[in-house]
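Inspection log for the structure reproduced underneath, given as structure tokens.
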Amino acid sequence: MGFSRYVLRRLGYAVIVLFVIMTFNFAIFRLMPGDATKMIIDPMFTPEAIAELKRQFGLDDPPIVQYLKYVGNLLKFDLGLSFSTRRPVVNELKERLPNTAVLFLTSFIFTTIIGISVGVYTASKRGTFGDNFVTGAGLFTYAVPTFWIQLLLLMLFGYYIPILPIHGTMSAPPPDGFLLQALDRIHHLILPAGSNVIVAFGSWALYTRNTMLEALGQDYILTARAKGLPETTVLRHHALRSVLPPIITLIFGALPGMVSGAVITETIFSWHGVGKYLMDAVMQQDYPAAQGAFYLIALAVVICNLAADIVYGIVDPRIRVGEGGAK
Amino acid sequence: MKLRRFLLPVAICLILAMTCGIVTAQQKVKWEPYGPQVDQIIMPIIKDSEAQLIAFNRGDVDVLPGLTRPADINKIKANPNAELTMNYGFHMFYLCYNMRRGPLDADVLRQAIAHVIDRDNIIQTLFEGYMLPMATFVPPSSGFYKEDIPRFPYNPEEAKKLLDKAGYTVDPATGIRIDPATGKPLRKMTIFTPTYEVAPTSAELGKIIAEACQAINLPIEPEPMDFPVMLDKLDMAEFDMYMLAWGLSRIPTSLHSFFHSSNDVEAGYNRPGIRDAELDKVLEALYYAPSEEVAKKAADEAQVILARRQPYTVLYSRPYMDAFRKDKFTGYVPMHGYGAANYQNKWTTLNVKPVRGKGGTIRWLLPEEPKVLNPCTSSSAYEWEVLGRLYDNLMEVNPETMEDMPWMAKSWEVGTWEPEPGKKGTVVTWHLEKGIKWQDTTPFTSKDIKFTIEYLRDNKVPRYLSSVNEVVKVETPDEYTAKVYFSTESYWHLYHADLSFLPEWIWKDVKDYKTFEPWLESHPTVPGLTKAIGQGPFILDQYKVGEYVRLKKNPIYWRLSK
């Protein structure tokens with residue numbers, strides 16, 4: 001199968017998956033027990049006011065009409081009005097997405113760089129103190145709950161050694177001047193992003209270490225060493241290169257987590273992002289807001305999976321050949 | 001409104017305050033109806049409770065409002081720079097019975113259950129003493145509170161005697177009391193609560209009360225459940241008992257919503273399903289009272305009937321606990337009903353000032369995102385923490401007496417008129433102070449009252465519909481007099497006509513109030529202002545979403561310090 005056909009086929013799958021998700025996204029909140037308007041109705045509202053509220057949000061339409069309106073609006077990327085704020089969900093997500101993206105791209109970049117580097121290092125130093133220490137630390141941070149480590153860091157650097165900001169993305173109010181504002185934002189990023197790196201680097205390090213160890217036991221590595229190549233060349237150009245495809249897949253697979261995994265970090269560090277928005281929306285049965293946030297996450301997952309498939313097809317041609325047979 | 005028979009709650013508050021080193025509204029605090037004393041309020045938005053405590057203790061915020069967890073209160077008390085204030089609120093936690101079906105349709109059974117509830121022990125065990133026991137249907141901080149009502153204090157022996165006397169004898173075979181109405185052992189009953197994950201103390205309370213009932217041979221079990229499922233079951237009246245809380249107000253019209261038989265409908269607020277002709281008559285007299293005196297009399301009678309019949313057993317009230325950095329600020333005014341740091345307590349907003357020097361910036365924590373700063377659609381307390389400081393009302397509440405006091409209206413009259421022959425309606429006449437200006441310097445006049453009420457009524461704004469849907473017309477005989485005509489007769493229309501007023505020249509062109517974002521749009525003529533303007537002591541200077549809100553002192557405020 002040619003590469004373009006392979007990409008088109010993957011794109012088709014992605015569209016079908018997205019449509020199914022859209023439908024589930026609509027149904028799941030309506031199947032949840034409880035009446036959404038309960039969360040926004042004041043005990044003193046008259047029956048007339050309650051009926052007016054339901055009319056304004058289209059909740060008095062039959063479900064099929066609501067569904068058709070929902071699909072039609074979604075295709076225009078109109079996610080409706082939030083029940084709790086009466087604001088367009090798109091605007092609310094737009095306000096939050098940059099913060100989530102900054103926090104988790106920073107965390108993600110540092111986590112992967114540190115995790116993979118540590119994994120390569122420990123694989124090359126197998127059995128040494130450094131290997132045992134890093135493996136132990138990685139396992140520890142991987143095993144303990146994220147919020148526990150984050151609260152510990154909050155107490156440590158927020159109270160006992162109060163050198164880091166503990167909430168928000170900037171000082172209130174921020175300093176004047178572009179450079180000072182940029183530094184202020186970086187200062188605020190250290191604790192949340194740093195805690196994410198501490199929590200997540202272990203799994204990357206352990207995964208890289210294990211795949212590297214497997215690669216280092218292969219005959220071609222023995223051949224490379226027998227040729228007298230320096231150890232760093234063997235590690236970088238032979239061992240690491242051979243384990244790159246699964247790591248790349250892992251990178252793309254983990255990217256959607258930057259949105260969905262945001263809830264805890266954003267809550268603890270009062271980071272104004274999509275994760276907390278999703279959590280609040282679900283708790284308040286705010287259908288449009290929750291649907292919008294889920295749709296965004298679903299879109300991220302589908303796009304990342306599509307990207308992973310395409311990149312995997314590039315780095316390992318056997319994948320696209322295997323799908324449609326040899327051309 | 002006079003606050004009478006206030007001695008018991010005052011005593012409880014004082015005892016708690018003395019043992020905890022907390023300032024309450026009973027302690028004389030100096031306040032004056034002028035201000036504000038600070039130049040700026042910065043409201044950092046910090047959502048995590050641990051981060052809030054750290055921010056307060058290290059001085060990032062000067063005001064930490066609405067403390068609820070005993071552990072947090074203890075941590076604040078350990079800070080020598082912190083001062084805690086505690087005040088009765090309008091919160092009420094209660095156990096509700098379904099009176100539509102047996103055996104809980106029998107008054108004596110509900111009264112016996114009320115007797116086995118040990119409020120003091122519950123408050124000590126679950127809340128380390130930081131709740132106030134309450135057994136009345138109107139909170140003690142309301143001027144309509146009645147102290148002298150039938151009570152069922154903790155006394156399990158008295159509960160057993162009541163049941164024995166009413167024929168609920170214990171079946172020796174099962175150990176369960178026999179229902180005299182059927183001659184069979186009582187059926188198993190359940191207490192619904194939210195789950196331990198959602199509301200741990202409510203779930204635990206359900207367990208404690210069920211065990212206390214079992215000790216007097218009543219087959220009652222706790223049943224924690226998913227909150228939306230629970231609400232659905234309550235709407236369909238498919239329950240025996242449940243536990244929840246209400247946030248009330250100082251006006252007792254909620255008694256009509258909660259206990260009048262006309263509200264015993266699907267999803268209605270009369271959840272116990274009480275249908276009592278005598279009570280209905282009293283509640284109607286309360287709801288349509290032509291004067292405060294009539295309202296007070298009806299409220300008293302309603303409280304006596306409700307206390308006797310026990311459709312709810314009220315357990316406790318959560319006080320407002322607010323923390324201030326006393327090393328940096330002073331002048332906060334503890335106030336029953338609203339606490340010291342709530343926006344409805346105008347007096348702290350006006351009187352709080354730095355310990356050293358003048359003006360300055362106070363940092364006032366916001367525990368949640370305000371999200372929407374549109375007075376028509378804002379519904380959360382966090383949004384009104386901001387908006388409430390931009391607007392003034394026609395009346396205010398005196399923090400010491402809890403009586404209505406003149407504010408933007410220097411006086412008012414509540415009278416009657418004839419909307420149609422033979423029918424009585426209410427007319428509220430407001431006489432406005434002169435010299436009040438909107439923050440863009442436009443004078444505030446009676447035309448603003450007329451515009452706002454008509455705008456809210458014509459657009460059917462749900463938040464205000466119950467206040468304005470009975471308004472027939474608004475007349476403005478002159479710039480400083482507004483007459484609001486209601487189609488029904490009720491003293492409460494006085495409060496319905498006091499709103500957060502909208503500037504006509506901004507709102508008249510707003511076609512869809514739901515999507516209007518006044519805090520994001522620049523003022524059409526005055527640079528530096530947004531379209532979210534009021535007549536209040538502070539101007540909205542900046543709302544950085546997710547980060548902070550900055551309010552600046554209104555330089556043309558009509559009540560600036562002399």
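Sequence lines set the chain letters: A, B, ... in the order given, protein chains first and strands last, and positions in each chain run from 1. This is a predicted model, so every value here is computed, not measured.
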Sidechain N-carboxylate O distance under 4.0 Å for B:Glu369, A:Arg96: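 Result for this pair is no, no salt bridge flagged.
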No-hydrogen, no-angle side-chain donor-acceptor test under 3.5 Å, A:His272 and B:Glu547: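 No pair is found: no donor N or O on one side chain lies under 3.5 Å from an acceptor on the other.
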At a heavy-atom separation under 4.5 Å, does [X] approach chain A through its side chain, its backbone, both, or neither?
X	value
B:Lys544	side chain
B:Leu373	neither
B:Ile42	side chain
B:Gln40	neither
B:Gln52	neither

Donor-acceptor pair, side chain of B:Arg58 and main chain of A:Gly158, under 3.5 angstrom: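 Yes.
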Donor-acceptor contact below 3.5 Å, side chain A:Arg87 vs main chain B:Lys514: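 Pair absent, no side-chain N/O of A:Arg87 close to backbone of B:Lys514.
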Hey, is [atom1] on [X] packed in by over 12 heavy atoms from elsewhere, all under 6.0 Å?
X	atom1	answer
B:Tyr287	OH	no
A:Phe110	CZ	no
B:Asp512	CG	yes
B:Lys553	NZ	yes
A:Met279	CE	no

Residue, of B:Leu53, B:Asn374, B:Asn57, B:Val545, that accumulates the most heavy atom pairs under 4.5 Å with chain A: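 Among B:Leu53, B:Asn374, B:Asn57, B:Val545, the one with the most close pairs to chain A is B:Val545.
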Best-contacting candidate, B:Arg363, B:Lys233, B:Gln542, B:Glu383, against chain A by heavy atom pairs under 4.5 angstrom: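 That would be B:Arg363.
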How close do [X] and [Y] get, heavy atom to heavy atom, and via which atoms?
X	Y	answer
B:Ala55	A:Ile166	N-CD1, 3.7 Å
A:His167	B:Pro44	CE1-CB, 4.0 Å
A:Thr267	B:Asp48	O-CB, 3.4 Å
B:Ile46	A:Ser270	CA-OG, 3.3 Å
B:Tyr548	A:Ser171	CE2-O, 3.9 Å

Straight-line distance of A:Leu81 CG to B:Thr515 OG1, nearest 0.5 Å: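 Result: 7.0 Å between the selected atoms.
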From NZ (B:Lys47) to CH2 (A:Trp271), nearest 0.5 Å: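 Taking NZ in B:Lys47 and CH2 in A:Trp271, the distance rounds to 12.0 Å.
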Stepwise salt bridge (charged side-chain N to carboxylate O under 4.0 Å, His left out) test for B:Lys371 and A:Glu95: CA-CA 11 Å; B:Lys371 293 181 184 168; A:Glu95 283 168 3; over 6 Å; no
Portion of A:Leu151 that has a non-hydrogen atom of chain B nearer than 4.5 angstrom: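 Contact with chain B: side chain only.
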Heavy-atom proximity to chain B below 4.5 Å, by part of A:Pro88: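 The side chain, not the backbone.
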